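Here the structure is laid out as structure tokens; the discussion comes afterwards.
Values reported hereafter were calculated over all heavy atoms of this structure, with side chains retained and with hydrogens, waters and symmetry mates removed. Everything numeric in this text was worked out from a predicted model, so none of it was measured. Letters go in sequence order (proteins before strands), and every chain restarts at 1.
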Number of protein chains: 2
Amino acid sequence: MSSSAQDRRRSLLQETRCDSCRLSSLCLPLSLDTNDLERFDSIIRRHPPIKKGTRLIEQGDPFTSIYAVRSGSLKQTITEGSGEAQLTNFFLPSEIIGLDGISDGLYTGSVVALEMTTVCEIPFDRLDTLSQTLPELRSQLLRTISKELHQDRRMMQLLSRKTADQRLACFFLGLSDRFRRRGYSPFSFRLSMSRADIGNHLGLAVETISRILGRFQQQDLVAVSGREVHILNINDLTRLADTETN
Amino acid sequence: MSSSAQDRRRSLLQETRCDSCRLSSLCLPLSLDTNDLERFDSIIRRHPPIKKGTRLIEQGDPFTSIYAVRSGSLKQTITEGSGEAQLTNFFLPSEIIGLDGISDGLYTGSVVALEMTTVCEIPFDRLDTLSQTLPELRSQLLRTISKELHQDRRMMQLLSRKTADQRLACFFLGLSDRFRRRGYSPFSFRLSMSRADIGNHLGLAVETISRILGRFQQQDLVAVSGREVHILNINDLTRLADTETN
DNA sequence: CGGGAGCTTGATGCCAATCAAATAGGGTGG
DNA sequence: CCACCCTATTTGATTGGCATCAAGCTCCCG
């Protein structure tokens, strides 16, 4: 093995350590000190990179691990009875996948990569054991699940009380905020999901997404080119997103 | 104080102890042994009965405790921005209220009693401390939150992919199942919530609820008299609830 | 460069919201 | 105990927003 290959390998290993991960302040170990961080780090498993369209989790499989997104993005879809799949969630770097599987011991939905994606696998039983002695970790785990609950409730409001335009505005603002928190521009970003995915997630037809995008561009709210998005007028977009006339 | 009053008082105290609560097998302490149960019991606070229409929790108040419903029922509503309130949840006996407040340290919605209701107050900091030494309790807490996540995801599917008829069918079936688990008849029960509450929860107008109820009765799926519900044909109702044509 | 998935645009129809009004119910005070 | 009032519920008529169906277009990607 050449020296440069060794370097690359070491760099990869290094890269997967929490203490050198620039996402650690957003992720599960957020409030651990150096020593505890190392203990947390030691239970994490490497996971091979996931190619676009590849499934990380299959709905109904036994629940064993949760996953933290390191890079890339994924979508979760739940198929219920004879119904069509519902896209319940998009996952961006530092977000945690699989928490809804704890209760039944089964993953409740399938999770598929939207682009080349890397994740950290965290075996749940070891996490649980570790959380016994690390109150901060336990607390952060609860906070993370609880936050997801909160977001789901907001999503329920979106789905039952907002118009199509408001839904898409909320979606863009939500993405914008998530990018901002991760240190990216909140005004310019690339969608890793298709229009169909967005429509499915927001409870709208693809055609509706397309039409609203056109309308938003006419109003100079956003500029869209393919999957490239620029938010031009975040004030009006925000105003639109929570207009009284729900 | 008369002897009978003393008896009643003792009986009330007795009644609030987990080990004599017939709901304990559905509630948080579900998997604790006698000894651990006592420790859990000791952190629970009495809470005065809540009259119909009275608020237990105000949205935005600091998060301090979670509550287990002992008898009666409640609704949670979330008010977002300038929008109208969204009814996110109904709580029946043994269900846990307030878990979505953990993440931000604030209650995310207001909770109001739908009838005369009693609850057990569980201070969260003490629960967290106790869960450090009781793995079963920790596990059950996580399972409970995770289950709520799961249910929210199903709700999202209902709101975005189901017709009005299917939504109401799902609602009845969900209630039926929850009553069954609690030892009540899954076919005859009394709704503690108004048509308006049901509509709000399902993302439908009151008038729509009323009309669908009429239709369901014509089809002999259910018999409804005021808030008294009898499920007459659970097979057809189930079939309707997850028809392919979403 | 060709094929195919993804996206856009147009025309039409339907489900459920909204507006309007009548009726039933249920709790309260006389 | 009953009449009354206010709220909850039902029923009808109309409207509108978004889905659906149908084509045409574009952009990747092999």
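Set against C:dG6, D:dT9, C:dA16, the side chain of A:Arg227 has C:dG6 as its closest nucleotide. Here the nucleotide nearest the side chain of B:Ala164, chosen from C:dA16, C:dC7, D:dT20, is C:dA16. Nearest to the side chain of A:Glu207, among D:dC21, D:dT10, D:dC18, sits D:dC21. Nearest to the side chain of B:Leu213, among D:dT10, D:dC18, C:dA16, sits D:dT10. Minimum atom distance to the side chain of B:Arg195 is reached by D:dT9, of the listed C:dC19, C:dC7, D:dT9. Counting only heavy atoms from C-beta on, B:Ser210 has its side chain closest to D:dT10 among D:dA19, C:dA16, D:dT10.
In this structure, A:Glu115 places its CD atom 16 Å from C1' of D:dC28, rounding to the nearest Å. Computed from coordinates, the B:Leu159 CG to C:dA16 C1' distance equals 14 Å when rounded to whole Å. Spacing between atom CD1 of A:Ile212 and atom P of C:dG10 amounts to 16 Å, rounded to whole angstrom units. Atom pair B:Gln218:CD and D:dT10:C1' shows a separation of 13 Å (rounding to whole Å applied). Atom-to-atom, CZ of B:Arg190 to P of C:dG25 comes out at 13 Å; the value is rounded to the nearest Å. At whole-Å resolution of the value, NZ in B:Lys51 and P in C:dG27 are 14 Å apart. D:dC18 atom P lies 12 Å from atom CG of A:Leu202, rounded to whole Å. For the pair A:Gln217 CD and C:dC7 C1', the computed distance is 12 Å after rounding to whole Å.
Applying the 4.0 Å criterion to OP1 and OP2 of C:dA16, one finds that B:Thr208 has every side-chain N and O outside that range.
Taking 3.5 Å as the limit, the base of D:dT20 and the side chain of A:Arg211 contain a donor-acceptor pair of atoms between them.
Taking every heavy atom of both residues into account, A:Leu92 and A:Val69 meet most closely at O-CB, 3.4 Å. The minimum heavy-atom distance between B:Val119 and B:Tyr67, with the atom names listed, is CG2-CD2, 3.8 Å.
B:Gly203 comes within 4.0 angstrom of sugar-phosphate atoms only, judged by non-hydrogen atoms across all strands, and of no base. B:Ile209 comes within contact range of no nucleotide atom at all, as no heavy-atom separation falls under 4.0 Å. Nucleic acid contact class of A:Arg167 (heavy atoms, under 4.0 Å, all strands): none. Across all strands, A:Ser194 comes closer than 4.0 Å only to sugar-phosphate atoms, never to a base (heavy-atom distances).
No side-chain donor-acceptor contact under 3.5 Å links B:Gln86 to the backbone of A:Arg154. At distances below 3.5 Å, at least one donor-acceptor pair connects side-chain atoms of B:Thr117 with backbone N or O atoms of B:Glu115.
Between A:Gly226 and B:Asp165, the residue whose closest nucleotide on DNA chain C is further toward the 5' end is A:Gly226.
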| field | Audit row: B:Glu95, B:Arg178, salt bridge (charged side-chain N to carboxylate O under 4.0 Å, His left out) steps and yes/no | value | CA-CA 10 Å; B:Glu95 297 178 335; B:Arg178 283 154 89 184; 2.9 Å; yes
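Between A:Arg227 and A:Ser192 the shortest side-chain heavy-atom distance does not fall below 4.5 Å.
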